[in-house]
Chemist: 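Can you read through this structure? Questions will come right after.
Computed from a predicted model, the values in this text were never measured in an experiment. Sequence lines set the chain letters: A, B, ... in the order given, protein chains first and strands last, and positions in each chain run from 1. What you see below is based on every heavy atom in this structure, not just the backbone, and it leaves out hydrogens, waters and symmetry mates.
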Amino acid sequence: MKFATWNVNSLKVRLPQVLQWLAETPVDVLALQELKLDQDKFPLAEIEAAGYRAVWYGQKTYNGVALLVRAPFEIEDPVLGIPGYDDPQRRVIAATVNGVRVIGAYCVNGESIESDKYVYKLEWYARLHDYLALEVEKHPACVLMGDFNIAPDDRDVYDVEAWRDKVLCSVPERAAFEGLLALGLTDAFRVFNQEDKQYSWWDYRAAMFRRNLGLRIDHILVTDALKARATECVIDKAPRKWERPSDHAPVVITLAD
DNA sequence: ATGGCAGCGAAGCGCTGA
């Protein structure tokens with residue numbers, strides 16, 4: 001099986017790219033973030049025509065997440081949001097696919113470490129941690145993938161000094177990321193690639209993509225049962241080169257049956 | 001090595017993102 005995550009920065013704008021990418025890369029599950037569209041605006045017909053099923057949790061203008069599941073795989077036990085956390089921002093979605101519990105997340109950005117949004121980010125991560133603890137306990141085969149808005153390590157940052165203690169790189173954020181790993185999860189990309197300069201996001205400005213100046217903030221975390229099945233995990237930079245791209249690239253994991 | 005972009009909703013700019 002193949003699973004992927006992609007922050008599309010507006011599904012309305014990026015639907016053609018998503019459909020093209022799926023045609024070329026027919027993953028079994030694609031987690032999408034930043035749909036930026038209301039629950040009743042989801043382009044289900046186009047996605048079904050491409051051979052996918054979907055569950056989504058949208059809101060107007062901001063946030064919004066979805067799981068696209070390649071037929072005939074079925075979407076089992078979908079859950080929208082983090083149960084028990086009354087978060088007005090729609091950032092989390094889960095379902096079971098072919099025996100694997102899949103959780104897609106658009107984690108809080110935080111704006112800056114001085115911002116109230118940064119406080120919300122750390123609180124939100126604590127809620128995600130507690131939710132994941134329950135999910136991992138229930139589902140030995142569990143994957144959490146999405147836009148984490150955290151660069152876990154200095155290797156994941158194009159300019160370490162400029163970003164030191166800045167949002168996405170601060171010590172408390174990295175501790176929150178490590179807290180997820182402490183639940184028994186592994187950053188799948190780093191199982192296969194220890195290099196620096198491996199980014200998943202590049203700012204639209206200043207030709208940052210062309211110069212490969214970015215951050216690795218989109219991740220796939222897997223439990224040991226899935227880690228043992230993983231044969232590859234890569235960042236697909238190709239769609240970042242297309243016309244009118246998302247500023248994020250998809251991350252793809254391949255699992256043996 | 002960010003000013004510079006992009007999307008949205010609204011309105012001809014401000015907010016947000018990362």
Side-chain angles (χ1 to χ4, degrees), chain A residues 5-18 21 31-43 56-66 87-92 104-122 124-125 128 145-174 176-177 189 195-219 235 237 239-251:
Chain A
T5 178
W6 195 4
N7 180 324
V8 291
N9 186 21
S10 170
L11 184 57
K12 180 182 174 186
V13 171
R14 226 66 66 195
L15 183 61
Q17 286 93 325
V18 170
W21 189 77
L32 299 176
Q33 301 90 41
E34 285 210 87
L35 307 184
K36 294 187 174 180
L37 45 76
D38 220 338
Q39 187 70 2
D40 63 0
K41 297 288 196 296
F42 188 83
W56 64 97
Y57 194 37
Q59 69 179 86
K60 192 175 173 182
T61 311
Y62 301 117
N63 310 307
V65 287
D87 184 359
Q89 302 192 11
R90 298 184 166 187
R91 297 180 172 277
V92 178
Y106 173 49
C107 305
V108 177
N109 173 301
E111 190 179 30
S112 76
I113 65 170
E114 297 84 12
S115 172
D116 290 344
K117 295 174 193 166
Y118 182 79
V119 177
Y120 165 55
K121 181 175 193 172
L122 296 180
W124 188 92
Y125 258 99
L128 180 68
M145 55 185 174
D147 175 359
F148 285 68
N149 270 316
I150 295 175
D153 191 277
D154 284 349
R155 289 177 297 176
D156 304 314
V157 181
Y158 67 92
D159 185 334
V160 171
E161 291 313 313
W163 283 86
R164 188 176 303 286
D165 297 323
K166 298 293 195 302
V167 75
L168 313 194
C169 299
S170 71
V171 171
E173 291 168 272
R174 286 178 170 172
F177 188 83
F189 181 79
E195 299 297 312
D196 61 5
K197 300 182 173 62
Q198 308 295 296
Y199 307 129
S200 67
W201 170 87
W202 303 260
D203 198 299
Y204 286 117
R205 292 169 289 188
M208 298 292 266
F209 180 71
R210 182 179 57 74
R211 297 189 286 159
N212 193 34
L213 304 178
L215 303 173
R216 192 176 70 93
I217 54 175
D218 301 270
H219 308 297
I235 299 166
K237 290 170 71 170
R240 188 63 177 74
K241 304 169 187 171
W242 295 350
E243 287 291 313
R244 211 177 180 190
S246 168
D247 43 357
H248 295 253
V251 186

Chemist: Could you check which of dA18(B), dT16(B), dC8(B) has an atom nearest any side-chain atom of Thr61(A)?
Modeler: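 Taking heavy atoms from C-beta onward, the closest nucleotide is dC8(B).
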Chemist: Would you indicate which nucleotide in dA10(B), dG7(B), dG17(B) comes nearest to any side-chain atom of Lys60(A)?
Modeler: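 Closest nucleotide to the Lys60(A) side chain: dA10(B).
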Chemist: What is the distance, to the nearest angstrom, from the CZ atom on Phe209(A) to the P atom on dA18(B)?
Modeler: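 Roughly 17 Å, once rounded to whole Å.
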Chemist: Can you say whether the rings of Trp202(A) and Phe209(A) are parallel (under 30°), tilted (30 to 60°) or perpendicular (over 60°)?
Modeler: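 Perpendicular.
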Chemist: Which of these nucleotides, dA18(B), dA1(B), dG7(B), is closest to any side-chain atom of Leu213(A)?
Modeler: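 The nucleotide sitting nearest to the side chain is dA1(B).
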Chemist: Counting only side-chain nitrogens and oxygens, does Tyr106(A) get under 4.0 Å of the OP1 or OP2 atom of dA18(B)?
Modeler: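 For Tyr106(A), the contact criterion (side-chain N or O under 4.0 Å from OP1 or OP2 of dA18(B)) is met.
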Chemist: Between dT16(B) and Lys117(A), is there an OP1 or OP2 to side-chain N/O distance shorter than 4.0 Å?
Modeler: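 For Lys117(A), the contact criterion (side-chain N or O under 4.0 Å from OP1 or OP2 of dT16(B)) is met.
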Chemist: Think Asn109(A) has a side-chain N or O under 4.0 angstrom from the OP1 or OP2 of dA18(B)?
Modeler: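 Yes, such a contact exists.
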Chemist: Send over the distance from Trp201(A) CH2 to dC5(B) P, rounded to a whole Å.
Modeler: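 Taking atom P of dC5(B) as the reference, CH2 of Trp201(A) is at 14 Å.
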Chemist: Ring centres of Trp21(A) and Trp6(A) under 6.0 Å apart?
Modeler: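 Yes, they do, as the ring centres are separated by less than 6.0 Å.
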Chemist: Hey, which of these two, Leu215(A) or Arg14(A), hits DNA chain B nearer its 5' end, going by closest nucleotide?
Modeler: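 On the 5' side of the pair lies Arg14(A).
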Chemist: Check every strand shown and say whether Lys121(A) touches a base, only sugar-phosphate, or nothing at a heavy-atom separation below 4.0 Å.
Modeler: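 Since no nucleic acid heavy atom lies under 4.0 Å of Lys121(A), the category is nothing.
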Chemist: For a 4.5 angstrom cut-off between non-hydrogen side-chain atoms, does Tyr199(A) reach Ile235(A)?
Modeler: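 No - every pair of side-chain heavy atoms lies 4.5 Å or more apart.
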Chemist: Using the side-chain heavy atoms of Glu111(A), tell me which of these nucleotides is nearest: dA1(B), dC15(B), dA18(B).
Modeler: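 From the listed options, dA18(B) comes nearest.
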Chemist: Consider the side chain of Glu34(A), meaning its heavy atoms from C-beta on, and name the nucleotide among dG17(B), dG7(B), dC8(B) that approaches it most closely.
Modeler: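 Side chain of Glu34(A) sits closest to dG17(B).
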Chemist: In whole angstroms, how far is the C1' atom of dG7(B) from the CG atom of Leu15(A)?
Modeler: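 Atom CG in Leu15(A) sits about 16 Å away from atom C1' in dG7(B).
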Chemist: When you get a sec, tell me which of dC5(B), dA6(B), dT16(B) is the closest nucleotide to the side chain of Arg205(A)?
Modeler: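 Of the candidates, dC5(B) comes closest.
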Chemist: Measure the distance from CG on Asn63(A) to P on dG9(B) and round it to the nearest whole Å.
Modeler: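 About 13 Å, once rounded to whole Å.
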Chemist: May I have the distance from Gln89(A) (atom CD) to dG17(B) (atom P), rounded to whole angstrom?
Modeler: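 Roughly 8 Å, once rounded to whole Å.
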Chemist: Angle class for the Phe42(A)/Trp56(A) ring planes (parallel below 30°, perpendicular above 60°, tilted otherwise)?
Modeler: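 If you compare the ring of Phe42(A) with that of Trp56(A), the planes turn out parallel.
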Chemist: Distance check needed: dA18(B) P versus Ile113(A) CD1, whole Å only.
Modeler: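 About 18 Å, once rounded to whole Å.
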Chemist: Looking only at side-chain N and O atoms, does His248(A) come under 4.0 Å of OP1 or OP2 in dG17(B)?
Modeler: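 For dG17(B), neither OP1 nor OP2 has a side-chain N or O of His248(A) closer than 4.0 Å.
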Chemist: Please report the distance separating the P of dA10(B) from the corresponding atom of dT16(B), rounded so that it comes out in whole Å.
Modeler: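 Taking atom P in both dA10(B) and dT16(B), they lie 15 Å apart.
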Chemist: Measure CG/Leu168(A) against C1'/dT16(B) and give the value in whole Å, please.
Modeler: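 Distance check: Leu168(A) CG to dT16(B) C1' gives 13 Å.
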Chemist: Will you find, in the side chains of Glu34(A) and Asn9(A), an N or O donor that is under 3.5 Å from an N or O acceptor?
Modeler: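 The criterion, which ignores hydrogens and geometry beyond distance, is not satisfied for Asn9(A) and Glu34(A).
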Chemist: Where the side chain of Asn149(A) is concerned, which of dC15(B), dA1(B), dA18(B) is the nearest nucleotide?
Modeler: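 Minimum distance to the Asn149(A) side chain belongs to dA18(B).
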Chemist: Pick the P atom in dA1(B) and in dG17(B), then give their distance to the nearest Å.
Modeler: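 27 Å, rounded to whole Å.
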Chemist: Asp159(A) or Asp147(A): which one's nearest nucleotide on DNA chain B is closer to the 5' end?
Modeler: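 Looking at the nearest nucleotide for each, Asp159(A) comes out on the 5' side.
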Chemist: Looking at Asp159(A) and Lys166(A), is any side-chain nitrogen of the basic one under 4.0 Å from a carboxylate oxygen of the acidic one?
Modeler: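 Answer for the salt bridge query: no.
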Chemist: Is Asn7(A) touching bases, backbone alone, or none of the nucleic acid, heavy atoms closer than 4.0 Å?
Modeler: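 Asn7(A): backbone/sugar contact only, no base atoms under 4.0 Å.
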Chemist: Would you mind classifying the nucleic acid contact of Asp247(A) as base, sugar-phosphate or nothing, using non-hydrogen atoms under 4.0 angstrom?
Modeler: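 Nothing, no nucleic acid heavy atom in range.
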Chemist: How many Å lie between OH on Tyr204(A) and C1' on dT16(B), as a whole number?
Modeler: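 My rounded result for the distance is 13 Å.
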